2 protein chains.
Amino acid sequence: MGGDWRELKKARTRARIQQEALRLFGEQGYEATTVARIAAAAGVSHTTFFRYFPTKEDVVLGDEYDPLLEEALRRRPESEDLIERVRNAVGEGLAAVYAADRDALLARVRLVLSAPPLRARLWEQLLGTQALLERALAGTGDSAEAPMRVRVVAAACLAVLTTAITAWERDGGRGDLPAIVDEAFDHLRTELR
Amino acid sequence: MGGDWRELKKARTRARIQQEALRLFGEQGYEATTVARIAAAAGVSHTTFFRYFPTKEDVVLGDEYDPLLEEALRRRPESEDLIERVRNAVGEGLAAVYAADRDALLARVRLVLSAPPLRARLWEQLLGTQALLERALAGTGDSAEAPMRVRVVAAACLAVLTTAITAWERDGGRGDLPAIVDEAFDHLRTELR
DNA sequence: CTCCGCGATGTTAGTCGCTAACATGTTAGC
DNA sequence: GCTAACATGTTAGCGACTAACATCGCGGAG
């Protein structure tokens, strides 16, 4: 039956660590929660923690949305201009995540925005997302070849997106996120005239 | 004669630490250079280092440009639209720094973009700059009161600026930075049509 | 069924950024 | 000169993270 049992056990350990970590972060805050404390709560040693998550930040920030975005971008017709393509692809992907996961998403956004180290890592991740956008919009395999206008558009769109998400979180998550993102893109467009 | 001698000595120590740090960063890279090593090179202990610079990152990243930008923004006439105001204020401040300091500026940008912890801190600083932009553009004393369109514009403008600077650095600093920034703003405008 | 091997885990010790407590020497103002 | 303030050094410690090595347990080969 191969290593199935091992894989399952590893997956469970991983999930347990993440779950305990998120619980503790919620209770005492990100920075006040030590890795050793998380490991103890999950019943493992701190070295095991680092075997599952390369850094403390990685427990919170998974890169799971990039493939979604890439796929959504690929489905956009060439007839749309650059910004419209990003706007629709983002809206599409976001709507899915939002519908399925709303509360979890809000909790994660809250956590990330509240802890400077997490914010910092998020920007770093966004660099990756930006490179993805540039490749997709320029149609090249290497984002270094993307022309300046594509880079500007990619950066501006991500700025709009993060602004919208931040506004949503500051409002306590009461508004409808996809609508807020859409309005933010509208603001950019109407302001440029 | 007051504490003049003390002040002078402190200023010299501070300058020596920073100078040795930048030299070592250039020679061996940011992350490979330990604070203890810098302190030793400057002839002080590592605690003294931290008395002058709260973190290792602060040796590289000083917040000296924000007041310049604020002043330049204040001088913009109300007749200009939001983006034009930011564009001109940024262009003005940048031109000054660029003319005076070009090589030093390039070296700093290179260093910051090459080291993840420095990049991370830079984003964090940009949040402050963004709040400043929002206050200035909205005319309120608190950036939390700025309307959504102002926030979107502020975020998008900073994204354009960082994109331009990044492009300048990637090109080895050969191009004319103020011109590149201007072109980047043009790209944003022409792309939104 | 037994034994061997490999993979997951724990233990320990170490590095590096950073902080706090306390001791020491140096300067400033009288 | 004397003393109070202050810059600096020493030491010890915390927390994120890494590496070396021992151990334990399950899976498969004989």
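Lettering of chains follows the sequences in order, A, B, ..., and the numbering in each one begins at 1. Bear in mind the structure is a predicted one, so any value in this text is a computation, not a measurement.
Ion pair A/R76/A/E84 not flagged as a salt bridge, since none of the NZ, NE, NH1 or NH2 atoms sits closer than 4.0 Å to an Asp/Glu carboxylate oxygen. The existence of a salt bridge linking A/D182 and A/R87 is confirmed by a sub-4.0 Å separation between a basic side-chain nitrogen and an acidic carboxylate oxygen. One finds a salt bridge joining A/R75 and A/E71 here, because a Lys/Arg side-chain nitrogen approaches an Asp/Glu carboxylate oxygen to under 4.0 Å. In summary, A/R108 and A/D101 do not engage in a salt bridge, as defined by a charged side-chain N under 4.0 Å from a carboxylate O. Using a 4.0 Å cut-off between a side-chain N of Lys or Arg and a carboxylate O of Asp or Glu, B/R149 and A/E191 qualify as a salt bridge.
Close to C/dA8, at under 4.0 Å from its OP1 or OP2, lies a side-chain N or O of A/K10.
Atom CD of A/E7 and atom P of C/dC6 are 18 Å apart (whole Å). Here the P atom of nucleotide C/dA8 and the CG atom of A/L8 are 14 Å apart, to the nearest Å. Summarising the geometry, the separation between NZ on A/K56 and C1' on D/dT18 is reported as 17 Å, rounded to the nearest angstrom. For B/R12 and C/dT27, the CZ to C1' distance is 15 Å, given to the nearest whole Å.
Within residues 108-127 of chain B, no residue is approached by DNA chain D to less than 4.0 Å at the level of any non-hydrogen atom. The stretch residues 14-22 of chain B has no heavy atom under 4.0 angstrom from DNA chain C at all. Annotation: proximity of residues 28-52 of chain A to DNA chain D (heavy atom, distance under 4.0 Å) is found for A/T33, A/T34, A/V35, A/H46, A/T47, A/F50, numbered in ascending order.
By the side chain to side chain contact (heavy atoms under 4.5 Å, CB included) test, B/L22 pairs with B/Q18, B/F25, B/V60, B/L111, sequence neighbours left out. Residues satisfying the side chain to side chain contact (heavy atoms under 4.5 Å, CB included) test with B/E124, not counting sequence neighbours, are A/P116, A/R119, A/W123, B/L127.
End-to-end axis angle of the helix from C/dC1-D/dG30 to C/dC30-D/dG1, from C1' rotation axes over five pairs per end: 10° (rounded to 10 degrees).
Atom-to-atom distance recorded for A/L69:CG and A/E64:CD is 13.0 Å, nearest 0.5 angstrom. Summarising the geometry, atom CH2 belonging to B/W168 is positioned 8.0 Å from atom CD1 belonging to B/I180; distances are rounded to the nearest 0.5 Å. We find the CG-CD distance between B/L118 and B/E31 to be 8.0 Å, quoted to the nearest 0.5 Å. Atom CD of B/E7 sits about 12.5 Å away from atom CZ of B/R12, to the nearest 0.5 Å.
In terms of position on DNA chain C, the residue among B/K9 and B/T55 whose nearest nucleotide sits closer to the 5' end is B/T55.
Checking each of A/I83, A/D81, A/T190 against B/L192 for a side-chain contact (heavy atoms from CB on, under 4.5 Å) leaves exactly one that passes, namely A/I83.
Proximity of B/L73 to B/L132: side-chain heavy atoms (C-beta onward) are separated by under 4.5 Å at one or more points.
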